[in-house]
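Notes follow once the structure below has been shown.
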There are 2 protein chains.
Amino acid sequence: MTVKHALLALLDKDESYGYQLHGLMESALGDPWSINIGQVYSTLSRLERDGFVEKLPEAELAHDDRTVYSITRRGKSELRRWFREPLSRDDRLRDDVYAKLALSRISRSVSPGEVIQAQRRQLLKELHQLTQLRSSADGPNELPYILLLESAIMHLEADLKWLDLCEQKLEELDATPSPYFESRPRGRPPKDDGSASGA
Amino acid sequence: MTVKHALLALLDKDESYGYQLHGLMESALGDPWSINIGQVYSTLSRLERDGFVEKLPEAELAHDDRTVYSITRRGKSELRRWFREPLSRDDRLRDDVYAKLALSRISRSVSPGEVIQAQRRQLLKELHQLTQLRSSADGPNELPYILLLESAIMHLEADLKWLDLCEQKLEELDATPSPYFESRPRGRPPKDDGSASGA
DNA sequence: ACAGCCATGTAACTTGTTACATGATTTT
DNA sequence: AAAATCATGTAACAAGTTACATGGCTGT
């Protein structure tokens, strides 16, 4: 969803062609956003299919080996729409670490404690890497990159605090026997007729 | 990537069938993780294709209208691997809001200030909703859900702080004229031969 | 009879992603 | 001449998602 709009935004500044757009995108958004060059071309095809960009007529081309695209009125309109519509962070409610933790209490293969510890080690490692990057990347033109690092660091710290909270709550649970985190199947009862069935 | 492992984890506890797994998943992970029932079946097919689950032989079935799956040795092994391998948060470096903000300085359709304000309004709205949910969901069996809310809230707060930081840095920039956030194309210079080309 | 839940699946589509094929031009 | 970069594209696959088709069973 974002590659599409990134290309639109770049084309909104100036018409361009696939290969160049790839470089522009990398310098605009940085390494973490670098994508396979093939994806630029397939995304451009889709944008053209949807009428958001169009190829320049050959007559206007300076080099016949480049396919130059420009943004259309529809494309500009879509871009404005995207810019003005704030991104929902609802997906925060669909966190993978949470899912893994919840599932670890259901499955018998592993304990939540192990999951928490492994995850914490990983987060500390990543946090260390990022803080190092932040202190080394202090050049003049690095502001956007620094803001990105800052964001990632703040979220990693939130993750760590949350893991602490989970650990604490789970300990409280172990004191109070109660079926938290337990699966509560609903719906029609099994109406089992007595034949063989696992566990 | 997570639906797959959620199903494996549920099957690791007990063999089951598509429809029931759908309900189990919802009660184990909550509303935000509820998926279209169709996806359960397609994911089960892939799991079977990859040898992680297998259908029970008909002889062991209590109801011929259900297709009961059980986890295989390979499936258990994959599940353990997934549980033990911590999730990378590298993708924090590929934040959509950051991308939008960076692109808003390149495109002429919108200003970063507008983006920041719209985003902040949205975050405040979502934060308000979640804090209300947290205070109302205080039942006994709600701990996992509360932890999930807590996580989302902490991240929303980080988002808001980060937006403040961005705003502040951008104001500093407007005082110091300098091509921050500007695209710096690299590679072979355009070698333009003088013919028509936009902007 | 009809609504609604139980139950399984397929078709179609979107986005992301990599691997590969192909050839021109430029630099060393 | 060889290596690197420039440049465009296709094929194939993974994962998520919805809409639809199909039927059985259950309660009112």
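As the structure is a prediction and not an experimental result, all values here were calculated from the model. In the text below, chain A, chain B and the rest are named by the order of the sequence lines, each starting its count at 1.
Counting to the nearest Å, the P atom of D:dC25 and the CG atom of B:D65 are 7 Å from each other. What separates CZ of A:R66 from P of D:dT8 is a distance of 8 Å, to the nearest Å. Summarising the geometry, the separation between CG on A:L24 and P on D:dA7 is reported as 11 Å, rounded to the nearest angstrom. Computed from coordinates, the B:F52 CZ to D:dA14 C1' distance equals 13 Å when rounded to whole Å. In this structure, NE2 of B:H22 is placed 12 Å from C1' of C:dA7, rounded to the nearest angstrom. In this structure, A:Q20 atom CD and D:dT5 atom C1' are separated by 14 Å, rounded to whole Å.
The pair B:R120-B:D164 counts as a salt bridge, with a side-chain nitrogen and a carboxylate oxygen less than 4.0 angstrom apart. Taking the charged nitrogens against the carboxylate oxygens, A:D14 and B:R108 have no contact shorter than 4.0 Å, which rules out a salt bridge. Using a 4.0 Å cut-off between charged nitrogen and carboxylate oxygen, B:D95 and A:R89 count as a salt-bridge pair.
Residues satisfying the salt bridge (charged side-chain N to carboxylate O under 4.0 Å, His left out) criterion with B:R92, sequence neighbours excluded, are A:D159.
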Residues A:S16, A:Q20; criterion side chain to side chain donor-acceptor pair (under 3.5 Å); working and verdict: CA-CA 7 Å; A:S16 184; A:Q20 190 175 44; 2.8 Å; yes

Residues A:H22, A:Q39; criterion side chain to side chain donor-acceptor pair (under 3.5 Å); working and verdict: CA-CA 9 Å; A:H22 183 244; A:Q39 200 181 338; over 6 Å; no

Stepwise side chain to side chain donor-acceptor pair (under 3.5 Å) check, B:D96 with A:T2: CA-CA 7 Å; B:D96 283 346; A:T2 319; 3.1 Å; yes

Under 4.0 Å protein heavy-atom contacts per nucleotide of nucleotides 9-18 of chain C, with B for base, S for backbone only and - for none: BB---SBBBB

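Of the residues in residues 78-91 of chain B, none lies under 4.0 Å from DNA chain D by heavy-atom distance.
A sub-4.0 Å separation between OP1 or OP2 of C:dT8 and a side-chain N or O of B:Y19 is absent.
The neighbour count for A:K76 NZ, taken as heavy atoms of other residues, nucleotides or ligands under 6.0 Å away, does not exceed 12.
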